[in-house]
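Throughout, a chain's letter reflects where its sequence line sits, starting with A, and its residues are numbered from 1. Bear in mind that the values here come from a model prediction, so they are computed numbers and not experimental data.
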There are 2 protein chains.
Amino acid sequence: MVTIYDIAAQAGVSAMTVSRVINNTGKISDKTRAKVRRVMEELNYVPNHMARSLVLQQSKLLFLLITDITNPFYTTLARGAEDAAKKHGYRLLFGNSDESVDKEKDYVDAILATRADGVLVAPAGDLSLPHLESLRMHNVPFVLLDREVPGVGSDVVLGDSKEGSRKLVDHLTSRGHRRIALINGSPTISSARLRHEGYREALKLNDLAYDERYVHEMAFQLRNDLSEIESWLDGMTPPPTAIVAGNNVLAVEVIRTLHGRGLRVPDDVSVVGFDDLGPYSEIDPFLTVIAQQAYQFGYLGMQMLVERIQERGGESPQPWRKIVLPADLIVRRSVADAK
Amino acid sequence: MVTIYDIAAQAGVSAMTVSRVINNTGKISDKTRAKVRRVMEELNYVPNHMARSLVLQQSKLLFLLITDITNPFYTTLARGAEDAAKKHGYRLLFGNSDESVDKEKDYVDAILATRADGVLVAPAGDLSLPHLESLRMHNVPFVLLDREVPGVGSDVVLGDSKEGSRKLVDHLTSRGHRRIALINGSPTISSARLRHEGYREALKLNDLAYDERYVHEMAFQLRNDLSEIESWLDGMTPPPTAIVAGNNVLAVEVIRTLHGRGLRVPDDVSVVGFDDLGPYSEIDPFLTVIAQQAYQFGYLGMQMLVERIQERGGESPQPWRKIVLPADLIVRRSVADAK
DNA sequence: CTGTTAGCGCGTTCAC
DNA sequence: GTGAACGCGCTAACAG
């Protein structure tokens, strides 16, 4: 491996001079600078970030930890984070926790060991608390995305989940639906809780009764086993005429299950959900959804993270900031008038 | 920051003993091992991967470089690579080149500087040659995914692009289509070339003439400007009754353009493409496509990469391997009988 | 303008 | 069983 010492020897200078050329620090004569540059080219020198980070005590490495890399909401968010990181001269690494608190813990340990300068996290849920405290204790700045964690102080970018639920329910009632069910993520996830609350409040405002049997909470994540949804559907009598899904994955699973029973959407049951199904949903717009500004989640979150890193060691720490992005209803074909 | 020296001092042993406990090497008495372990917990010690890698001359870090993180084909591939990497005890970092050779070059430089032990790369195209040679020169093993690069020797995982094109064209002719157009990625990308060849051969086998005006080559990437497609469509007289798209992004763009002109798919024009539109396409299956086994691309590629890394320094190097994954036609609703 | 010294956190080698 | 010395590649601090 070529090191600055190899360059130094070949160029007839000291390693320090080479280092200065690389980093554009100090004053170097044009002659020696040119010579060093030439030798670096000849020897195909590549700087060693690890050695550099070791002495500088900063890696210029940021980490984005999301819960589902196959979910278009998170990949679009990732693009936003990537662009913002690049703009500020940071490299960005991605991790995928799969909605698993355990996998997330492993990633946090890896992040700590990698000495990343900061982390952008979409936490798996309230049980992420210990990992986040771990980051805090080790003085690694982080920003939460899409989900809050009770007991954790930090900057955060959220969607307006409660308002989103209200809009979905209102849309359904405006089409005459009165038996509206909710299939949602685990209540250990803040956004799921808010969506549940918004649903409940919207029912009340529309003079509809809240019935526990019409609400089901399960993992926000894709499974091949649809039996859980099956038995929930069986338990609702009379069956709902419309279903609200807490995210895009659940929307897909519900629709698959309905199809499996020979029920058509929206002819037999209407379905709406949170988050779009990807950039490709435009060609055959089907699912009526609350679309969130995924790119902005990543871009703005990264912006706040970088500011926190730069502020570190500065004077008075700023208070935590919370950005709430709007929830826009996009009406498509998955809702029909109630019969 | 807590180091092994802090642990050592607190536990009344030498740093070396702590290191041995961490790595389970050498012989340590149970008593000291327990004591060291306890102190590590108390002080919340986290090992420093960078320092470790510096001395060991290996990072246990692998890199996956894809061209579009918002494309479901690549995210599914990424999941495969992630699972395989984890299985072998490697951490995996992701990079996103955006189909840009320049951005790709930046990433390769970063990878080199990071001292990753190996790279999985879906190259931006034939012009990726210099970067790949750079990796080779620095002795960083890599495996190519989805695309070959002339002049580069390496392991590679490909889809059966030629056969895929044939199946698409045959499907269209079986429905009576005779004016079949092709919109494809740049011919500097091997998979685009093969898809073009397959298209051409299939036309011939079906006794259809090849007409240059019915073929358009452009970037495989998403743009907001549809005018390029517009003018291509204008240039085809008589207009095609069916269009083959070289990947999922182009399929979406073509359909959007057609919709913009008030043309319906498949009623007015049939459209087929390569690669699925994500896990969500199942709920409202629209586009007829050649589906590739995206997860396997990543999983098998990673497997080969790890083997190469482990073989390094070994005896006789194995010959390069090429895995060709099958191309399966999935018939959905975007094709109608020709009038 | 340029070089010397020291140390970032850790593991290998060799001694005890 | 355990420890001391050294070096991985690099840069900050200080000399000159």
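- Phosphate contact (OP1/OP2 of C:dC10, side-chain N/O of B:S19, threshold under 4.0 Å): absent.
- Relative to the side chain of B:L56, the nucleotides D:dC8, D:dT2, C:dT12 differ in distance, and C:dT12 lies closest.
- Residue contacts for A:M50: at a heavy-atom cut-off of 4.0 Å it reaches no nucleic acid atom on any strand shown.
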Subject >> Residue pair B:E133, B:R136: steps toward the salt bridge (Lys or Arg N to Asp or Glu O under 4.0 Å) verdict >> reply: CA-CA 5 Å; B:E133 283 178 333; B:R136 178 74 69 224; over 6 Å; no
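- Among the protein residues, A:I28 comes within range of the sugar-phosphate backbone only, with heavy atoms under 4.0 Å from sugar or phosphate atoms but none that close to a base.
- Between the NZ atom of B:K60 and the P atom of C:dG11 there is a distance of 14 Å, given to the nearest Å.
- Nucleotide C:dG9 holds its P atom 12 Å from the CD1 atom of B:I7, rounded to whole Å.
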**OP:** In sequence, state the C-alpha distance, the side-chain angles, and the governing distance for A:F297 and A:F73, and then conclude on ring pair (Phe, Tyr, Trp, His ring centres under 6.0 Å).
**Re:** CA-CA 10 Å; A:F297 274 73; A:F73 172 72; 5.2 Å; yes
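- Here A:T32 lies in heavy-atom contact (under 4.0 Å) with sugar-phosphate atoms only.
- The side chain of A:R52 approaches D:dC10 more closely than any other nucleotide in the set D:dC10, D:dC8, C:dG3.
- When the nearest nucleotides of DNA chain C are assigned to B:M16 and B:A51 by heavy-atom distance, the more 5′-ward of the two goes with B:A51.
- Distance CG (A:L43) to P (D:dG9): 14 Å, rounded to an integer number of Å.
- Taking atom NZ of B:K31 as the reference point, atom P of D:dG1 lies 12 Å away to the nearest angstrom.
- Between the side chains of A:T114 and B:R91, at least one donor N or O lies within less than 3.5 Å of an accepting N or O.
- With 3.5 Å as the limit, one finds a donor-acceptor pair spanning the side chains of A:D117 and A:S59.
- Side-chain proximity of B:Q57 to the nucleotides C:dG11, D:dG3, D:dC8 is greatest for D:dC8.
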**OP:** List the steps and the verdict of side-chain hydrogen bond (donor to acceptor under 3.5 Å, both in side chains) for B:T70 and B:D68.
**Re:** CA-CA 5 Å; B:T70 62; B:D68 185 0; 2.8 Å; yes
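- A:R38 has a carboxylate O that lies under 4.0 Å from a charged side-chain N of A:E42, or vice versa, which qualifies the two as a salt bridge.
- Here B:Y5 does not reach the OP1 or OP2 of C:dG7: none of its side-chain N or O atoms lies under 4.0 Å away.
- Between B:K87 and B:E82 there is no salt bridge, since none of the side-chain N atoms of the basic residue sits less than 4.0 Å from a carboxylate O of the acidic one.
- In this entry the distance linking CE of A:M1 with C1' of D:dC8 reads 9 Å, nearest Å.
- Candidate nucleotides D:dG9, D:dG3, C:dT4 were compared by shortest atom distance to the side chain of B:R20, and D:dG3 ranks first.
- One side chain, A:T32 or A:S29, offers a donor N or O that lies under 3.5 Å from an acceptor on the other.
- Within the nucleic acid shown, B:T25 has no heavy atom closer than 4.0 Å to any nucleic acid atom.
- Whole-Å rounding puts the A:K27 NZ to D:dC14 P distance at 20 Å.
- In this structure, B:T3 does not reach the C:dG9 phosphate: none of its side-chain N or O atoms is under 4.0 Å from OP1 or OP2.
- Rounded to 10 degrees, the angle between the two end axes of the helix from C:dC1-D:dG16 to C:dC16-D:dG1 is 40°, with five pairs used at each end.
- The separation between A:R33 atom CZ and C:dT2 atom C1' is 13 Å, rounded to whole Å.
- Contact annotation for A:I22: no contact, since no heavy-atom pair falls under 4.0 Å across all strands.
- Of the candidates C:dG11, D:dG9, D:dT2, D:dG9 carries the atom nearest the A:V55 side chain, counting heavy atoms from C-beta on.
- For the residue pair B:N96 and B:Y107, no side-chain donor N or O sits within less than 3.5 Å of a side-chain acceptor on the partner.
- Put simply, A:N23 has a side-chain N or O that comes within less than 4.0 Å of OP1 or OP2 on D:dT11.
- Distances shorter than 4.0 Å separate some side-chain N or O of B:S29 from OP1 or OP2 on D:dT2.
- OP1 or OP2 of C:dT2 has not a single side-chain nitrogen or oxygen of A:T17 nearer than 4.0 Å.
- Set against C:dC10, C:dG3, C:dG9, the side chain of A:L54 has C:dG9 as its closest nucleotide.
- Put simply, CZ on B:R115 is 14 Å from P on D:dC8, counting in whole angstrom units.
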